[in-house]
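Some notes on the structure that comes next.
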Amino acid sequence: MPHIDARADEDDLWPTDAEGAERVQQRLAERVRVETLPAAQVSLVAGVDVSYAADDSALVAAVTVLDTASLRLVEAQVEVARPRFPYVPGLLAFREVPPLLKALERLECEPDVYLCDGFGLAHPRRFGLACHLGVLLERPTLGVAKSAFVGRATDPGAERGAATDLVDDGEVIGRVLRTRTGVKPVYVSTGHRVDLAGACDLVLRLCPRYRLPEPIRHADQLSRARLAER
DNA sequence: GCGACAG
DNA sequence: ATCTTGTCGC
């Protein structure tokens, strides 16, 4: 059960317009902290994802929690709702975080880290979905995106584990990581209270067989299945 | 000004 | 994101 940071409740966290949303990002971005996440302390890993109906009339936000060592499913929760914010590149969190928080509130266990489908610091204002969720939960988060957004990088080697820096404005904002030999790489970036190297190590550990981390795959399948049931 | 643009 | 099955390849 997540606890929303008291300070974050003071003002309007969910503006309806893009201008207000960007101001919220600039304000909350100051709270992001990059810290090391001891691998020994990660026993429960959560994956979050959101699926949408083709006509955008409904969405299903899902969270799945896996035991890091065995990769067995420990718990799963969903939130069915109607989209309240349009998809705008750079403002994805305003569309997905509200329903995700609802699903997370139903969780009985406490994940040690949350893997998000999207970016963290690798964002125009250095405050992507993973940072947003992490700051509101005040919990460790990281982002794993399937395609490029901001920054430049050279292609990592073809072997699993190969990685290159994602650079923007002279700063390393993430890593392009090959999780499967010969398969398109993923984009890993810090969300909150984790460091880039630790995030990449964890992501690689969670990808023993597929391109995407197991927690995210499970959340994706669950959200999609619940959407189809309607 | 024009195109690109996480999910 | 979503519309969509089978199929080629390791």
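None of these values were measured; they are calculated from a predicted model. Just so it is clear: chains get the letters A, B, ... in the order the sequence lines come, proteins before strands, and each one is counted from 1.
To the nearest 0.5 Å, atom CG of residue A/D49 and atom CG of residue A/L222 are 9.5 Å apart. The CG atom of A/D195 lies 13.5 Å from the CZ atom of A/R33; values are rounded to the nearest 0.5 Å. The line from OG1 of A/T68 to CG of A/D112 is 6.5 Å long, rounded to the nearest 0.5 Å. Between the OH atom of A/Y114 and the CG atom of A/L100 there is a distance of 11.0 Å, given to the nearest 0.5 Å.
Residue-level contact check: A/L91 touches the bases, meaning some heavy atom is under 4.0 Å from a base atom. Note on A/Y87: a base of the nucleic acid sits closer than 4.0 angstrom, heavy atoms only. If you check every strand for non-hydrogen atoms under 4.0 Å, A/G90 touches a base. Backbone-only contact: A/A148 has heavy atoms under 4.0 Å from sugar-phosphate atoms and none from a base. Residue contacts for A/D56: at a heavy-atom cut-off of 4.0 Å it reaches no nucleic acid atom on any strand shown. As judged by a 4.0 angstrom heavy-atom cut-off over every strand, A/L129 is placed among the base-contacting residues.
Under the side-chain hydrogen bond (donor to acceptor under 3.5 Å, both in side chains) test applied with A/D168, the options A/H123, A/R126, A/R152 reduce to a single match, A/R126.
Side chain of A/R211 to backbone of A/T179: no donor-acceptor contact under 3.5 angstrom is found.
For the pair A/E96 CD and C/dT2 P, the interatomic distance rounds to 10 Å; values are reported in whole Å. Taking atom CZ of residue A/R224 and atom P of nucleotide B/dG7, one finds them 12 Å apart after rounding to whole Å. Between the CG atom of A/D55 and the C1' atom of C/dC3 there is a distance of 12 Å, given to the nearest Å. Straight-line distance from the CZ atom of A/R175 to the P atom of B/dA6: 22 Å, rounded to whole Å. When rounded to the nearest whole Å, the span between CG of A/L227 and C1' of B/dG7 equals 14 Å. Atom CZ in A/F149 sits roughly 15 Å away from atom C1' in B/dG3 (whole-Å rounding). At whole-Å resolution of the value, CZ in A/R95 and C1' in B/dG7 are 8 Å apart. Atom CD of A/E22 and atom P of B/dA6 are 15 Å apart (whole Å).
Distances shown here put every side-chain N or O of A/K146 at or beyond 4.0 Å from the OP1 or OP2 atom of B/dA6. The phosphate of B/dG7 (OP1 or OP2) has a side-chain N or O of A/S147 nearer than 4.0 angstrom.
In this structure, the nucleotide among B/dA6, B/dG7, C/dT2 sitting nearest to the side chain of A/D117 is B/dG7. Set against B/dG7, B/dC5, C/dT2, the side chain of A/A54 has C/dT2 as its closest nucleotide.
Between the side chains of A/E138 and A/H192, at least one donor N or O sits under 3.5 Å from an acceptor N or O. Side chain to side chain, A/E96 and A/Y52 meet the donor-acceptor criterion of an N or O pair below 3.5 Å.
Helical stems involving DNA chain C, defined as 3 or more consecutive Watson-Crick or G-U pairs under 3.5 Å, do not occur.
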